[in-house]
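Remarks on the structure that follows.
All chains are named by letter (A, B, ...) in the order of the sequence lines, taking the proteins before the strands, and each is independently numbered beginning at 1. Here the structure is a predicted model, which means the values were calculated and not measured.
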There are 2 protein chains.
Amino acid sequence: MHSELVASRSADPRDSREIRESRNGSSPHLDAVSLGIIEQLQEDGRRPYAAIGKAVGLSEAAVRQRVQKLLDQGVMQIVAVTDPLTVGFRRQAMVGIHVEGDVESVADALTSMSECEYVVMTAGSFDLMVEIVCEDDDHLLEVINKRIRLIPGVRSTESFVYLKLKKQTYMWGTR
Amino acid sequence: MHSELVASRSADPRDSREIRESRNGSSPHLDAVSLGIIEQLQEDGRRPYAAIGKAVGLSEAAVRQRVQKLLDQGVMQIVAVTDPLTVGFRRQAMVGIHVEGDVESVADALTSMSECEYVVMTAGSFDLMVEIVCEDDDHLLEVINKRIRLIPGVRSTESFVYLKLKKQTYMWGTR
DNA sequence: CGCCAACGCTGCGAAATCCGCAGGTCTCCG
DNA sequence: CGGAGACCTGCGGATTTCGCAGCGTTGGCG
């Protein structure tokens, strides 16, 4: 929690916009303060705005506005996460997919399936990796054989059924 | 508040404890009400307790106590999640691991590494799958070659570098 | 150069939420 | 029967959230 983000000079929040952190060069420009806010919320998604403000050096209202914007922009979401196996979804699997043709369209088809929790395009022996959450074996079998394999462009798949989730964190930057 | 004799079944929250949902047979017993609470918080991690209470049929205080317990027990956590690529972590990869000997001990070693975001034991051609979040290529290379491969029991690894995260949700049960 | 709109932060009451606690019910034992 | 434990409700007081007005800075433009 002692994030020394705010050093001497940049004590004034208004400087932060111009800092242009070297690490992020991607789409939505996130300055050090927003990163700090995200970090706070990764530790506790319900932390009060005032407490976050104290940690990053901003007023309560400013934090609230920033959080709202981050949420609206889709940069982050504040949610409850669980181990699905604990909550009653008994079968989970990671599925690697080989694609021929347009990878993106296959990815989109997978994205629209509610059982696909996580879809990512990769480099390596698979073109796509998908995490699937199901109620039971029948459900899993149906999803893989009767739905995923029928998507145009899917050449073959390989499944890795989850036996035990050992770790699941959301604390980037906190380390 | 006399005990409404036949309150249309399970309208009384106290019934829920005995229902013993058939779907979950796992460790911490989650009844239908707690599942409902989790569902609410998966939609919005900051939803007020009173609103959740109204949705699941419980008082504000009761919801608060349940949420606290779920948090304490580690059944769920309320956090901000982002696309790491947006937040400045430029290299991410899924790594499949072949293990000889005790899988659990290798899993524990991986779990203690801060770069490992997600560790799961699987059935299939890999024994373990790990998601790794890094700052850049050098960092990723170091983690894979100089740390993971040196863990006793790791026979070989295969990496899938992330090109693009297409979907990421936390809405089990909401569907 | 000066004007003005856009943006982001602060400060401040009012309203809503959170929090701790006392009290009641039900169940499970010895 | 009596008591411990689990869980819920209700209720004030403390805290937080929310909306809005005000202000300084930035950047476009005549």
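In this structure, the side chain of A/K166 does not engage the main chain of B/T111 through any donor-acceptor pair within 3.5 Å.
With rounding to whole Å, A/Q65 atom CD is found 18 Å from D/dT16 atom P. Rounded to whole Å, atom P of D/dT16 lies 15 Å from atom CG of A/L41. With rounding to whole Å, B/I52 atom CD1 is found 12 Å from C/dC19 atom P. When the C1' atom of C/dG20 is taken as reference, atom NZ of B/K69 falls 18 Å away, rounded to whole Å. Rounding to whole angstrom units, CG of residue A/D72 and P of C/dG8 are separated by 13 Å. One can place CG of B/L58 at 16 Å from C1' of C/dC18, the figure rounded to the nearest angstrom. Taking atom CZ on A/R64 and atom P on D/dT15, their separation rounds to 18 Å, with Å as the unit. A straight line from CD of A/Q68 to C1' of D/dT16 spans 16 Å, rounded to a whole angstrom.
Among B/E131, B/R91, B/Q92, B/R90, the one residue that satisfies the side chain to side chain donor-acceptor pair (under 3.5 Å) test with B/Y162 is B/E131.
In this structure, the ring pair (Phe, Tyr, Trp, His ring centres under 6.0 Å) partners of A/F126, at least two apart in sequence or on a different chain, are A/H98, B/F160. Every residue two or more places apart in sequence or in another chain was checked for a salt bridge (charged side-chain N to carboxylate O under 4.0 Å, His left out) with B/K69, and none qualifies.
Heavy atoms only, all atoms of each residue included: B/E60 and B/A50 are closest at CG-N, 3.9 Å.
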Dump the pairs, protein N or O against N or O of nucleotides 13-17 of chain C, anything under 3.5 Å, distances to one decimal.
none

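Residues A/Q68 and A/D72 have side chains that bring a donor and an acceptor to within less than 3.5 angstrom of each other.
Nearest to the side chain of B/A61, among D/dC8, C/dG20, C/dT10, sits C/dG20.
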